[in-house]
Amino acid sequence: MASQPNNPLHGIKLEQIINDLVDRYGWEYLGYNINIRCFTHDPSIKSSLKFLRRTPWARTKVENMYLKMLKNTRS
């Protein structure tokens, strides 16, 4: 597998991203910032993974939020 030094998401699974965001912010905050049903109504990791794998625009929002969280954690 080729190295991707400029891709901070390389090697990080979507499930890990969701778990880290939920641990840091909680479902309520995620649902407030990214208004998608899998975060606002009976949220779970399983339903979020299913939706985000099929919906590129929502996955992009979640990944961007994760990158901002990493940036804030490092500074």
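Below, each value reflects all heavy atoms present in this structure, side chains not excepted, and no hydrogens, waters or symmetry copies.
- Side-chain contact between Leu52 and Ile36 is present, with heavy atoms from C-beta onward closer than 4.5 Å.
- Summarising the local packing, CD of Glu28 is surrounded by 12 or fewer heavy atoms from other residues, nucleotides or ligands at distances under 6.0 Å.
- Ser47 approaches Pro43 most closely through the heavy-atom pair OG-C, 4.4 Å.
- With contacts defined as side-chain heavy-atom distances shorter than 4.5 Å, the pair Arg24/Asp20 does not qualify.
- Annotation: Asp42, atom CG; neighbour count of heavy atoms from other residues, nucleotides and ligands within 6.0 Å does not exceed 12.
- In the hydrophobic clustering of this structure, Tyr29 groups with Ile18; members are Ile, Leu, Val, Met, Phe, Trp, Tyr whose side-chain heavy atoms approach within less than 4.5 Å, directly or through other members.
- With rounding to the nearest 0.5 Å, the separation of NZ in Lys13 from CG in Leu49 is 11.0 Å.
- Note that CD1 of Ile45 is 4.0 Å distant from CG of Asn19, once rounded to the nearest 0.5 Å.
- Put simply, the side chain of Cys38 does not reach to within 4.5 Å of the side chain of Trp27, judged on heavy atoms.
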Which atom pairs, one a donor and one an acceptor, fall under 3.5 Å between side chains of residues 54-62 and the rest of the protein, sequence neighbours left out?
residue: Arg54; atom: NE; partner: Lys50; partner atom: O; Å: 3.3
residue: Thr55; atom: OG1; partner: Phe51; partner atom: O; Å: 2.8
residue: Arg59; atom: NE; partner: Glu63; partner atom: OE2; Å: 3.0
residue: Thr60; atom: OG1; partner: Pro56; partner atom: O; Å: 2.9

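- Using a 4.5 Å heavy-atom cutoff, the side chains of Ile12 and Tyr66 are in contact.
- Remark: Arg74 CZ to Met69 CE distance equals 9.5 Å, nearest 0.5 Å.
- Looking at heavy atoms from C-beta onward, Met65 lies in side-chain contact with Leu30 at the 4.5 angstrom threshold.
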